[in-house]
Amino acid sequence: MTTQMRNASVNHGVVAEQMVSLVRRGTPVRSTMARRVLHLLVQRELVTRLEMEDVLECLGSSEDDLEAVLVDRYRVSKAELGAALGEVYQCPYVPYEERIVVEPGLLKNLSIDYLRKNAWVPLKREGLVVTILIGHPLDADKRDDVRRAFPGATIQYAVGLRRDIEQYLLIATGQATRGTLTGILGELVREAGNDSGGEGLDCGITENDSAIVRLANHIVAEAHRLQVSDVHIEPYANRKDTAVRFRVDGTCFTFMRIPAACRRAIVSRFKIMAHLDIAERRKPQDGKIRYRLAKDQELELRVATLPTAGANEDVVMRLLTTKDTMALEAMECAPEVLRHIKDLAERPYGMFLCVGPTGAGKTTTLHAVLKHINTDERKIWTAEDPIEITQDGLRQVQVHPKIGFTFAAAMRSFLRADPDVIMIGEMRDRETADIAIEASLTGHLVLSTLHTNSAVETVTRLLEMGCDAFNFADAMLGVLAQRLCKRLCPSCKEAYQPTKQEYDELARAYGAHDWERLGVNYSSNMILWRGRGCAACNQSGFKGRVALHELLVGSDEIKRLIQAKARTMEIASQAMREGMVTLRQHGIQKVLQGVTTYRQVRSVAMK
């Protein structure tokens with residue numbers, strides 16, 4: 001919103017000066033602007049010309065304003081009307097958003113009744129810039145009032161609907177409905193308004209305040225509803241609002257802002273929920289929250305607190321929702337890769353690794369492999385931290401490193417428990433890797449994960465950890481590298497013809513020799529896909545994620561190179577000669593299929 005406002009400020013200033021001068025000369029600007037808005041809506045086929053004349057007649061014969069007539073009588077959506085107002089007034093349109101809080105200090109010397117009657121509200125202050133949300137940005141009298149209310153400040157106008165401005169005022173005065181987010185924030189704003197402390201910390205709001213308790217519960221419930229992976233609570237000094245950021249599909253965005261006076265209270269609330277020491281603010285702490293949702297579903301959150309600048313504490317919470325096991329066919333692997341994975345999973349012994357960064361879906365993939373081989377004939381043990389996915393037939397064990405029950409200790413125990421298949425959540429050290437290799441050489445199928453950048457680099461990493469090259473080469477069945485890439489929103493994706501430059505970039509990234517084998521030539525019939533942005537994807541153009549895979553199969557030649565401790569490039573070249581498709585190549589295949597864009601592939605997959 002801020003960038004858009006800045007971009008529009010110059011144009012708006014010119015238009016404002018012209019129109020305000022007309023107002024001072026007595027020209028009926030409001031009716032003129034109403035006609036412009038209606039003409040724009042007619043052009044966009046949102047109202048007919050006949051309806052436009054009816055609206056103008058209604059405005060002339062009653063006290064109904066343009067907003068009420070169009071939204072209530074002619075069912076023009078608020079978003080469509082707001083977009084038209086923004087274009088006509090040459091300033092940003094800001095809809096009502098219940099997560100936006102009006103600073104109490106901005107309303108200190110203003111009458112709420114006056115603001116309600118004149119349809120404007122100071123929305124926020126950033127340094128010397130005050131943003132005013134107003135129904136008629138070119139009304140000269142109101143602009144004079146704004147300047148008198150904020151002398152010396154730079155005024156930035158945004159246009160809003162009267163009913164939205166009314167909602168902001170309800171929050172500011174604490175009159176919003178209790179129980180909703182609007183109501184909770186209204187209570188907090190009202191209490192924060194009584195703050196007399198220099199840093200906004202002594203306003204009487206504590207972690208046990210009912211509004212704080214309900215706000216914390218609301219944040220967790222909304223995070224679950226939006227399928228968030230991580231929640232970040234970020235307090236700031238100098239009376240700046242506390243930011244609550246959500247990570248969805250690998251990208252963070254600001255979900256809401258909380259009044260600065262509540263920053264310690266909300267942090268302490270989450271620390272209490274995680275059974276942490278609220279008096280200790282100088283060092284990091286870790287804990288877990290078990291939260292029961294309304295539908296008898298339990299949600300687990302892994303909580304970490306870290307001391308930050310200004311004597312504040314950040315809280316980061318990872319949501320560990322219990323997930324259903326995916327089928328291997330649902331992983332969207334290439335047919336050849338899927339065939340190899342199934343073949344390797346059905347081997348009686350050996351080691352299969354799934355590698356990639358945190359949050360790449362490694363555990364989900366391993367559980368899909370286990371589901372494929374999970375039969376009564378096989379005894380399967382798993383050691384995980386934490387146990388995120390459960391399935392019948394597996395004996396799943398939660399490790400506890402703090403008491404000495406590590407992955408390595410769990411592996412030793414499994415070897416005495418008659419296993420056929422062992423799955424280890426992560427090989428973090430040489431001891432665990434050595435036991436895993438030993439287990440795979442003694443007749444067990446071992447699955448595990450590792451944090452490496454590519455399938456081939458996994459070999460180098462294990463050898464650098466000190467694993468025996470001959471034992472590892474004998475044990476290795478395959479290494480699957482994985483990334484999660486943003487998927488184009490199915491509701492708003494559209495086809496377009498790429499430029500020759502885009503085509504050449506794809507060809508270079510894929511590799512000239514391999515690109516020729518794909519047989520994709522540039523022509524006027526070639527199409528790629530992109531997302532326009534819609535309500536379903538929060539205007540981003542992307543919704544959900546798709547997996548990219550790179551499978552290194554332990555062929556005889558690959559094992560010979562491992563035993564010889566060959567360089568990474570030599571192993572990679574041999575693997576590609578044998579048919580390995582790299583992460584970036586698989587991503588480009590998804591681009592050609594219209595699943596994602598090359599920019600997204602490039603952001604997660606190295607060449």
Side-chain angles (χ1 to χ4, degrees), residues 1-2 4-6 8-9 12 16 91-137 139 141-176 181-205 211 215 235-244 254 256-263 266:
M1 182 179 72
T2 304
Q4 186 183 6
M5 288 177 178
R6 286 171 182 163
S9 60
H12 174 246
C91 66
Y93 160 64
V94 176
Y96 169 69
E97 173 53 70
E98 65 175 1
R99 300 190 295 264
I100 295 177
V101 183
V102 178
E103 293 181 31
L106 292 175
L107 302 173
K108 186 172 289 185
N109 299 318
L110 295 171
S111 164
I112 299 298
D113 290 336
Y114 162 79
L115 294 176
R116 188 174 284 120
K117 179 180 178 182
N118 289 275
W120 66 271
V121 61
L123 204 57
K124 66 176 182 177
R125 185 201 303 269
E126 292 182 342
L128 295 176
V129 179
V130 176
T131 300
I132 303 295
L133 184 64
I134 187 169
H136 297 283
D139 189 308
D141 293 334
K142 293 176 185 176
R143 292 171 72 93
D144 289 342
D145 290 343
V146 169
R147 278 193 289 269
R148 281 192 292 269
F150 300 100
T154 300
I155 307 299
Q156 192 165 252
Y157 289 97
V159 65
L161 302 184
R162 178 180 285 272
R163 61 196 65 197
D164 291 346
I165 294 169
E166 174 70 21
Q167 281 296 108
Y168 282 120
L169 292 172
L170 285 176
I171 294 180
T173 55
Q175 298 173 31
L181 178 59
T182 302
I184 295 169
L185 291 175
E187 289 183 46
L188 293 177
V189 168
R190 189 175 66 252
E191 294 185 40
N194 300 323
D195 175 25
S196 57
E199 281 296 316
L201 300 175
D202 303 317
C203 60
I205 301 176
L215 179 60
Y236 295 90
N238 303 322
R239 292 183 174 272
K240 189 176 179 181
D241 288 349
T242 295
V244 178
T254 300
M256 67 179 298
R257 293 190 179 274
I258 302 171
C262 311
R263 59 189 177 191
I266 192 67

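Computed from a predicted structure; not experimentally measured.
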Sorted by chain and residue number, the side chain to side chain donor-acceptor pair (under 3.5 Å) partners of Asp164 (sequence neighbours excluded) come out as Lys78

Minimum heavy-atom separation for [X] to [Y], with atom names?
X      : Y      : value
Ala237 : Arg263 : CA-NH1, 3.3 Å
Ile165 : Val121 : CG2-CG1, 4.0 Å
Arg116 : Arg162 : O-NH1, 3.4 Å
Pro235 : Thr242 : CA-OG1, 3.7 Å
Pro137 : Arg143 : O-NH1, 2.8 Å

Rounded to the nearest 0.5 Å, how far does CZ of Arg125 lie from CD1 of Ile132? 9.5 Å

Separation between CG (Asp241) and OG1 (Thr254), nearest 0.5 Å, reads 11.0 Å

List the steps and the verdict of side-chain contact (heavy atoms from CB on, under 4.5 Å) for Leu110 and Phe150. CA-CA 10 Å; Leu110 295 171; Phe150 300 100; 4.1 Å; yes

Which is it for Leu115 and Leu107 under the side-chain contact (heavy atoms from CB on, under 4.5 Å) test, yes or no, and what are the steps along the way? CA-CA 10 Å; Leu115 294 176; Leu107 302 173; 3.7 Å; yes

side-chain contact (heavy atoms from CB on, under 4.5 Å) involving Tyr114 - partner list, sequence neighbours excluded: Ser111, Asn118, Trp120, Asp145

So, using salt bridge (charged side-chain N to carboxylate O under 4.0 Å, His left out) as the criterion, who are the partners of Arg163 when residues are at least two apart? Glu67, Asp72

Can you list the steps and then say if Leu161 with Tyr93 is a side-chain contact (heavy atoms from CB on, under 4.5 Å)? CA-CA 9 Å; Leu161 302 184; Tyr93 160 64; 4.3 Å; yes

